[in-house]
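Since the structure comes first, as structure tokens, the remarks are kept for the end.
None of the values given here were measured: they were computed from a predicted structure. Atom set for the values below is all heavy atoms of this structure, side chains included, hydrogens, waters and symmetry mates excluded. Just so it is clear: chains get the letters A, B, ... in the order the sequence lines come, proteins before strands, and each one is counted from 1.
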There are 2 protein chains.
Amino acid sequence: MTVYEYLLSYQIKPSVQRIAIMDYLLKHKTHPSIDEIYIALCKDIPTLSKTTVYNTLKLFVEHGAAKLLTINEHNACFDGETAPHGHFQCKYCGKIYDIPLAFDREVSEKLETKGFQIEETNLYYKGACPQCAENNVKEQ
Amino acid sequence: MTVYEYLLSYQIKPSVQRIAIMDYLLKHKTHPSIDEIYIALCKDIPTLSKTTVYNTLKLFVEHGAAKLLTINEHNACFDGETAPHGHFQCKYCGKIYDIPLAFDREVSEKLETKGFQIEETNLYYKGACPQCAENNVKEQ
DNA sequence: TTTAACTTTGTAATTGTTACAATTTTATTT
DNA sequence: AAATAAAATTGTAACAATTACAAAGTTAAA
């Protein structure tokens, strides 16, 4: 399936900019920020506006084609992977890792019994990734 | 234990401002923002500066006496409850509820086996709280 | 009591994000 | 194909949350 068709499957009208941004999201599993996407795509689309990147990602999130991550307190990150999963952010290098989201249904079921309607779940771990953990040990 | 002693137990040197802010956090389990705290305490401490509220909460978080919540994309919220637990934020009224954090150890253990050092865990549910869920149904 | 260290304060700067009007592009109708 | 309408993109300006920083105030130590 092309990115063009992929956008259509989420009821999003494709455009050059939208295709480029979704393509970037699908090919770069780095949970990029607005700036990362903007800087990367400016080379191919020199007229690209940062506002368009903001608008487009908002649109993607509204249509369920991308997920907004609030794991980083300084700026929003985006994930093109829509299947449920969690994240681990290294406090030292900042990298965000995907992790399986395989926790107990018990809690969410209990919430739903009480009348809470869960629309999304975010699981964020923070700490030291293997590389940084090793480096820190060596420094000490 | 007084708030004064409580701060000391976290290696935080007490001051009028720090005591007032921690007292507010401990008495108001509403996961307040900087502004909420600032506005509430200005009545008692008219000279209070918003910068002090920022500095103080940063200090609390560094010392483990408060937890920073990034559940709200527009501004930071703070939680004086340090025991591990998750949160549910209603997308309609904005209220944040505490929920038990009783999910599988399996995932975190697997991460630790791979060399990840987990320092904190954040579980954020979002959706409709019981009240808002009911109101929405009635409107439709 | 003097000095040093730390805390608080207010202002200004910075940064991420949003509002908005003008322009450009795309789709529709004639 | 031309005219019109609708939608998307752009750039600038506004906004809001946060941080930097220097001055003033407070507390602790000598």
Side-chain angles (χ1 to χ4, degrees), chain A residues 3-4 7-8 10-24 31-63 65-79 89 94 96, chain B residues 3-4 7-8 10-24 31-63 65-79 89 94 96:
Chain A
V3 177
Y4 183 93
L7 287 176
L8 284 177
Y10 281 101
Q11 328 278 13
I12 296 165
K13 210 161 114 190
S15 72
V16 172
Q17 292 84 348
R18 291 175 180 176
I19 290 169
I21 293 170
M22 181 51 83
D23 188 59
Y24 187 87
H31 314 89
S33 65
I34 294 285
D35 263 38
E36 279 173 64
I37 298 170
Y38 174 70
I39 291 165
L41 296 184
C42 266
K43 292 161 194 162
D44 299 309
I45 311 172
T47 62
L48 185 66
S49 161
K50 202 179 270 190
T51 300
T52 299
V53 183
Y54 273 102
N55 291 341
T56 303
L57 282 160
K58 191 177 187 180
L59 185 80
F60 287 0
V61 170
E62 283 166 359
H63 285 248
K67 194 164 160 56
L68 167 66
L69 305 184
T70 60
I71 192 170
N72 190 333
E73 47 175 318
H74 296 296
N75 52 25
C77 299
F78 296 88
D79 196 338
Q89 181 172 43
I96 298 174
Chain B
V3 178
Y4 183 94
L7 286 176
L8 284 177
Y10 281 101
Q11 328 278 12
I12 296 165
K13 212 161 114 190
S15 72
V16 172
Q17 291 84 346
R18 291 175 181 176
I19 290 169
I21 293 170
M22 181 51 84
D23 188 58
Y24 187 88
H31 315 89
S33 65
I34 294 284
D35 262 40
E36 278 173 66
I37 298 169
Y38 173 70
I39 291 166
L41 297 184
C42 267
K43 292 161 194 163
D44 299 309
I45 311 172
T47 63
L48 185 66
S49 161
K50 202 179 270 190
T51 300
T52 300
V53 183
Y54 273 103
N55 291 341
T56 303
L57 282 161
K58 190 177 188 180
L59 185 80
F60 288 178
V61 170
E62 283 165 0
H63 285 249
K67 195 164 159 55
L68 167 66
L69 306 184
T70 60
I71 192 169
N72 191 334
E73 46 174 318
H74 296 296
N75 52 24
C77 301
F78 296 89
D79 196 338
Q89 181 173 43
I96 298 174

Which residue lies more 5' along DNA chain C, comparing A:P14 with B:H74 via nearest heavy atoms: B:H74
Protein-nucleotide distance (B:E73, atom CD; D:dA16, atom P), rounded to Å: 16 Å
Check: B:T70 side chain, A:E73 main-chain N or O, donor-acceptor pair, under 3.5 Å: no
Under 4.0 angstrom between B:Q17 side-chain N/O and D:dT26 OP1 or OP2: no
Donor-acceptor under 3.5 Å (B:H63 side chain, B:Y10 main chain): yes
OP1 or OP2 of C:dT7 under 4.0 Å from side-chain N/O of B:T52: no
Whole-Å gap separating P (C:dT8) and CD1 (B:I12): 11 Å
Nearest-angstrom distance from the residue atom CG of B:L57 to P of C:dT8: 12 Å
Atom pair distance, as rounded to whole Å: NZ in B:K50 and P in D:dA17: 7 Å
Short side-chain N/O contact from A:T51 to OP1 or OP2 of D:dT9, under 4.0 Å: no
Test item: A:I37 and A:L57 side chains (from C-beta on) under 4.5 Å apart, heavy atoms: yes
Test side chain to side chain contact (heavy atoms under 4.5 Å, CB included) applied to A:Y54 - qualifying residues, sequence neighbours left out: A:I34, A:K50
Salt bridge (charged side-chain N to carboxylate O under 4.0 Å, His left out) contacts in which one or both residues fall within residues 52-61 of chain B, not counting sequence neighbours: none
Side-chain donor/acceptor of B:T52 to backbone N/O of B:L48, under 3.5 Å: no
Distance in angstrom units between A:K58 NZ and C:dT18 C1', rounded: 8 Å
Between D:dT18 (C1') and A:N72 (CG): distance, integer Å: 14 Å
Contact residues, residues 34-49 of chain A to DNA chain D [heavy atom, < 4.0 Å]: A:T47, A:L48, A:S49
Atom pair distance, as rounded to whole Å: CG in B:N75 and C1' in D:dT19: 16 Å
Side-chain (A:R18) to main-chain (A:K13) donor-acceptor, under 3.5 angstrom: yes
Interatomic distance, B:K13 NZ vs C:dC6 P [rounded to whole Å]: 7 Å
Under 4.0 angstrom between B:Y54 side-chain N/O and D:dT19 OP1 or OP2: no
